[in-house]
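Would you mind keeping the following structure in view while I ask a few things?
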Amino acid sequence: MHRQSISELAQSLRDKKFSSVELTQHYLDRIKRIDPQLNSYVTVTEEIALAQAKIADERLASGDSNPLCGIPIAHKDIFCTEGVRTSCGSKMLDNFVPPYNATVVENYLDAGAVMLGKVNMDEFAMGSSNETSYYGPVKNPWDTRCVPGGSSGGSAASVAAMLAAGATATDTGGSIRQPASHCGLTGIKPTYGRASRYGMIAFASSLDQAGVLTRSAKDAAIMMNSLISFDQKDSTSVDVAKEDYLQNLETSVEGITIGVPKEYFGDGLKIETAALVQEAIDQYEKMGAKIKEISLPHSSLAVPAYYVIAPAECSANLSRFDGVRYGYRCENPKDLEDLYKRSRGEAFGEEVKRRILVGTYALSAGYFDAYYNKAQQVRRLIKQDFDEAFKDVDVIMGPTCTSPAFKFDSKGSDPVAMYLEDIYTIATNLAGLPGLSIPCGLVDNKPVGLQIIGPAFAEGKLLNIAHQFQLATDFHTLTAPDLD
Amino acid sequence: MTWETVIGLEVHVQLATKSKLFSATSTAFGSEPNTQASAIDLAMPGTLPVANEEPFRYAIMFGLAIGAEIGKESVFERKNYFYPDLPKGYQTTQLAKPIVGAGEVEITLEDGSTKSIRIHHAHLEEDAGKSMHEDFHGMSGIDLNRAGTPLIEIVSEPDLRSAEEAVAFAKKLHSLVTSLGICDGEMSQGSMRFDVNISVHKPGTPFGTRTETKNLNSFKFMEEAIEMEVDRQIEELESGGVIDQETRLYDGDKRTAKTMRKKADENDYRYFPCPDLLPVVFDDAYVDAIKAAMPELPEARAARFKEEYQLSDYDADILSADAATSAYFEQLVKTSNDAKQSANWIMGELSAKLNAEEKSIKDSPVTAEQLGGVISRTQDGTISSKIAKQVFEALWDGKGTSADEIIESQGLKQVSDTGALEKMADEVIANSAKQVENYRNADPDKRPKMLGYFVGQIMKASKGQANPQAINKILIEKLNALL
């Protein structure tokens with residue numbers, strides 16, 4: 001039953017082919033058997049899952065129409081879950097049990113979805129390979145010698161290995177789309193402000209956005225229908241009318257204009273990846289779309305600007321982890337300074353420390369204008385690039401990553417090489433735009449992703465365009481080798 | 001050439017809003033530690049601030065009261081530093097785009113002269129919690145009830161030239177914010193706290209290096225701290241030393257001051273705009289609506305008191321300065337129908353008693369209605385002014401709920417009954433042969449003065465309850481009959 005899509009599972013549950021409790025138990029058994037090879041879950045919430053499944057079965061019996069009712073999903077361990085440890089992949093929060101749910105978690109509870117557990121991630125979402133997690137790296141189900149991508153590596157691996165029907169994730173610079181690309185999934189990062197950030201542990205507040213990872217665009221549309229809500233608890237939440245993302249999936253792509261930025265096909269892009277992405281774009285042309293070469297002239301500035309803004313924000317966001325009120329506290333601090341230094345020094349990993357240091361430096365007196373203000377100017381230029389482009393095109397397409405998933409430890413010693421993993425995804429976050437990645441083929445038996453970027457609030461359009469591709473091709477149906 | 005003192009103030013005013021700046025938690029003072037601290041106030045992971053409207057409205061009221069430009073775009077920034085009572089590891093405050101721009105406050109000095117003090121700006125920010133270092137056996141306790149309470153920080157230009165001016169300015173701000181109703185003005189609870197920047201120089205030369213004395217919470221401490229610091233700086237400079245830019249602490253109880261930290265040890269606060277809070281923009285209609293609903297300000301109230309109640313400049317200024325005093329006064333006039341007596345009572349007996357017991361007029365055990373009863377009974381002759389003070393004391397001590405009740409239960413009613421008074425007068429005259437003889441032999445224009453003895457005797461006999469006017473009249477009649 002785990003091979004079924006979310007829409008198929010929803011139908012099966014209503015046809016009483018199996019109950020949500022049976023389905024949930026099936027997933028739990030698979031997690032027990034298979035996940036030791038992948039390490040995608042940090043916490044499996046078996047009791048909660050079965051209890052929620054029981055409630056879902058009652059709701060289904062009384063005619064609940066939400067397609068997520070009774071569907072087992074996983075939450076990235078960045079979303080606070082009431083009564084369930086929420087670690088954010090860090091030793092700092094290894095003991096942290098929130099007394100509240102993130103709004104996103106609350107939304108899925110309302111939908112009747114079943115939480116199987118909390119999935120692994122790079123520490124505080126800082127990383128592109130899931131190697132920075134305190135709980136150890138997650139392995140890519142396609143090739144367990146390779147990384148699943150990050151930071152939502154646990155979300156991606158669990159869905160790709162069919163240890164969850166879908167998963168929530170977050171994307172600050174590519175953390176949904178890059179793992180989607182590396183694990184052969186559909187992953188969408190909505191427009192900034194579309195999904196509530198309340199209860200989602202902050203990395204870089206002006207860039208963080210919740211999204212989903214699924215095995216198809218249609219599943220993503222179902223998950224998105226519950227993810228998106230206007231939330232008064234988040235000042236940056238946008239009060240835009242909610243749309244039904246399933247509604248326009250069937251619209252043809254005929255006549256739409258696809259912009260292809262030349263900057264996304266330059267040096268660094270693996271030739272085989274470029275070929276598959278080009279074939280996917282050709283496929284769209286066959287389906288009636290117009291292709292137009294465009295330019296996003298400031299693309300090369302996105303990574304440097306991001307690595308000033310994101311660390312600057314994180315340096316302040318992570319100050320609350322001080323050993324005083326919750327989280328890790330060092331043994332026998334001799335005074336306040338010792339408490340701070342050792343609690344933070346012992347509980348934060350290398351990458352987190354590196355980014356706090358970079359951010360602190362960038363905000364320091366004398367450097368603020370040269371770094372932070374300059375980066376904000378670049379951010380505006382990048383946004384203008386997109387604004388200009390969307391005057392002529394409906395969506396932008398290009399590669400999600402330069403190459404397929406890489407092997408563990410291959411970039412560990414070189415942070416800059418790791419940062420370039422997000423070279424095509426970061427600009428979208430800086431501009432606050434929605435982006436999506438869908439599988440478009442395999443290189444060396446590892447998936448490659450096509451990235452589709454839209455103007456603000458075009459999530460429905462992106463899902464529609466992705467779904468149309470998936471109707472015409474079967475890349476999304478390719479699955480990782482059976483690890484069972 | 002003598003030294004000139006240069007002072008600038010940073011004043012933290014706690015806004016009397018129901019909720020905190022960025023959460024729905026109550027701001028009430030005096031609850032058990034950490035009972036008014038929500039997940040947001042504790043900076044739990046993933047929680048987010050959402051600004052409440054009330055603090056903005058209060059800040060704008062202050063801005064309008066000092067004739068300042070209201071920031072059309074108000075931006076919150078993060079001020080980063082670690083401290084155990086600062087849960088987020090940064091304070092959410094304003095820097096580049098504060099809500100209130102430059103304005104002016106006029107102060108009146110003791111000699112009656114006035115001076116205009118420029119306000120650089122005022123910004124909105126959240127308060128920190130409190131660290132408690134006693135009762136924890138070498139450790140510290142943290143109370144986060146205050147964390148997130150809205151403050152406006154009012155920053156003056158260095159326009160003040162003496163402790164007297166600084167205190168007059170501080171009192172004027174107190175008067176303004178309490179009149180606006182945006183602060184309860186309870187200094188002892190930390191509702192207003194002053195940081196004082198002090199330097200000295202010779203007139204005509206550039207300003208000297210300044211020191212900052214932090215967290216003064218009474219006018220008296222502020223005055224003492226300034227005088228002490230000015231003396232220290234002058235002494236230092238005259239003995240050839242230099243002033244270090246530093247932050248100082250004044251201990252009002254011990255009357256000592258010491259260095260808290262040197263400039264070199266100052267934090268680099270690494271301000272940057274808070275990405276969790278969007279810039280807030282006020283349209284003209286919003287500001288106009290606040291302007292239209294502004295309460296009466298002290299100057300306008302003083303003018304009205306002079307006009308409406310025929311008060312002297314002095315009385316009007318004192319009674320209008322603070323909202324609670326003004327309200328008490330007006331309520332008192334309503335029940336007593338005597339503005340002059342009401343003013344005298346408040347500035348005399350009542351404030352003496354309040355000062356002695358360190359109470360604010362809002363917490364006066366004697367209400368305006370009760371005191372009004374005392375004044376009314378004096379006016380209608382039921383009691384003498386001497387007995388009135390006795391009734392007031394009894395009300396203060398809670399020995400009755402009204403002047404009438406106390407007069408009745410303690411039998412303090414003035415005796416105006418002519419028969420009884422005549423009887424008393426006859427007795428006194430009969431027992432005072434010598435004094436009567438002196439009276440008879442005295443020069444007629446000396447006689448009224450000699451009446452005092454007889455009046456005193458009757459008052460004594462009546463335990464103060466005899467009506468003095470009535471006694472006078474009776475005595476003159478009776479003594480003159482003996483001539």
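Convention: sequence-line order gives letters A, B, ...; per-chain numbering from 1.
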Interchain contact, B/D268 with chain A, by part (heavy-atom threshold 4.5 Å):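 Answer is side chain: those atoms of B/D268 sit under 4.5 Å from chain A.
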
Pairs of donor and acceptor atoms involving the side chains of residues 360-368 of chain A, under 3.5 Å and at least two apart or interchain, shall be tabulated with distances.
{"unit_1": "A/T360", "atom_1": "OG1", "unit_2": "A/I356", "atom_2": "O", "d": "2.6"}
{"unit_1": "A/S364", "atom_1": "OG", "unit_2": "A/T360", "atom_2": "O", "d": "2.7"}
{"unit_1": "A/S364", "atom_1": "OG", "unit_2": "A/Y361", "atom_2": "O", "d": "3.4"}

Out of curiosity, A/T172 OG1 to A/D208 CG, how far, rounded to the nearest 0.5 Å?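 Rounded to the nearest 0.5 Å, the OG1-CG separation comes to 3.5 Å.
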
Using the ring pair (Phe, Tyr, Trp, His ring centres under 6.0 Å) rule, collect all pairs that involve residues 136-157 of chain B, keeping only residues at least two apart or in two chains.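 Listed by first then second residue: nothing to list.
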
A/K341 with A/D335: basic N within carboxylate O range, under 4.0 Å: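 No, this pair does not count.
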
Salt-bridge criterion met for B/R146 and B/D85 (N-O under 4.0 Å):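 Salt bridge between B/R146 and B/D85, a charged N being under 4.0 Å from a carboxylate O: no.
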
Quick one: pull up CD1 in B/I152 and CG in B/L124 and give me the separation to the nearest 0.5 Å.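 Between B/I152 CD1 and B/L124 CG, I get 7.5 Å after rounding to 0.5 Å.
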
How close do B/S74 and B/I99 get, counting heavy atoms only, and between which atoms?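 What the structure gives for the nearest pair is OG-CB, 3.6 Å.
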
Could you tell me whether a side-chain N or O of A/S175 sits under 3.5 Å from a main-chain N or O of A/G173, the two making a donor and an acceptor?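 No; judged by distance alone, with no hydrogens or angles, the pair does not exist.
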
Closest-packed option against chain B by number of heavy-atom pairs under 4.5 Å, given A/S206, A/G323, A/A202, A/G199: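 Greatest number of close heavy-atom pairs with chain B: A/G199.
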
In terms of heavy-atom pairs under 4.5 Å with chain A, which of B/A43, B/P45, B/P49 leads?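 With the most close heavy-atom pairs to chain A, the winner is B/P45.
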
Taking side chain as everything from C-beta outward and backbone as N, CA, C, O, which of these in B/Y269 sits under 4.5 Å from a heavy atom of chain A? Side chain, backbone, both or neither.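 Neither part.
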
Check each atom of A/Y192 against the heavy atoms of chain B and say whether the ones under 4.5 Å are side chain, backbone, both or neither.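 Contact with chain B is through the side chain of A/Y192 alone.
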
Does A/K353 make a cation-pi contact with A/F348 (under 6.0 Å, within 45 degrees of the axis)?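 Relative to the ring axis of A/F348, which defines the angle, A/K353 lies outside at least one limit.
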
Report, in residue-number order, which members of residues 308-318 of chain A are under 4.5 Å from chain B by heavy-atom distance.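 Counting heavy atoms that sit under 4.5 Å from chain B, the residues of residues 308-318 of chain A involved are A/A312, A/E313, A/A316, A/N317.
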
B/A39, part contacting chain A, at a heavy-atom distance under 4.5 Å: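 It is the side chain, since no backbone atom gets that close.
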
Heavy-atom contacts under 4.5 Å, residues 94-107 of chain A to chain B: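 Those residues of residues 94-107 of chain A which have a heavy atom under 4.5 Å from chain B are A/F96, A/P99, A/Y100.
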
Does B/D244 pair with B/K262 as a salt bridge, N-O distance under 4.0 Å?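 Salt bridge: yes.
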
Return yes if some donor-acceptor pair links the side-chain N/O of A/T191 with the main-chain N/O of A/F457 below 3.5 Å, else return no.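 At least one qualifying donor-acceptor pair exists.
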
With B/K79 as the cation and B/Y271 as the aromatic partner, state whether NZ or CZ is under 6.0 Å from the six-membered ring centre and within 45° of the axis.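 Judged by the rule (NZ or CZ under 6.0 Å from the ring centre, within 45° of its axis), B/K79 is not positioned above B/Y271.
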
Give the member of B/G89, B/S23, B/P275 that has the highest number of heavy-atom pairs under 4.5 Å with chain A.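 Most heavy-atom pairs within the cutoff with chain A belong to B/P275.
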
Determine the option with the most heavy-atom pairs under 4.5 angstrom with chain A, choosing from B/I142, B/T47, B/I40, B/L42.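 If we count pairs closer than 4.5 Å to chain A, B/T47 comes out on top.
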
Test side chain to side chain contact (heavy atoms under 4.5 Å, CB included) on B/K258 and B/R248 and set out the steps. CA-CA 6 Å; B/K258 61 172 190 219; B/R248 298 177 63 81; 5.6 Å; no

Exercise: identify the closest heavy-atom pair between B/T27 and B/K20: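 The answer is CG2-N, 3.6 Å.
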
Between A/Q376 and chain B, with a heavy-atom cut-off of 4.5 Å, which part of the residue counts as in contact: side chain, backbone, both or neither?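 The answer is neither part of A/Q376.
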
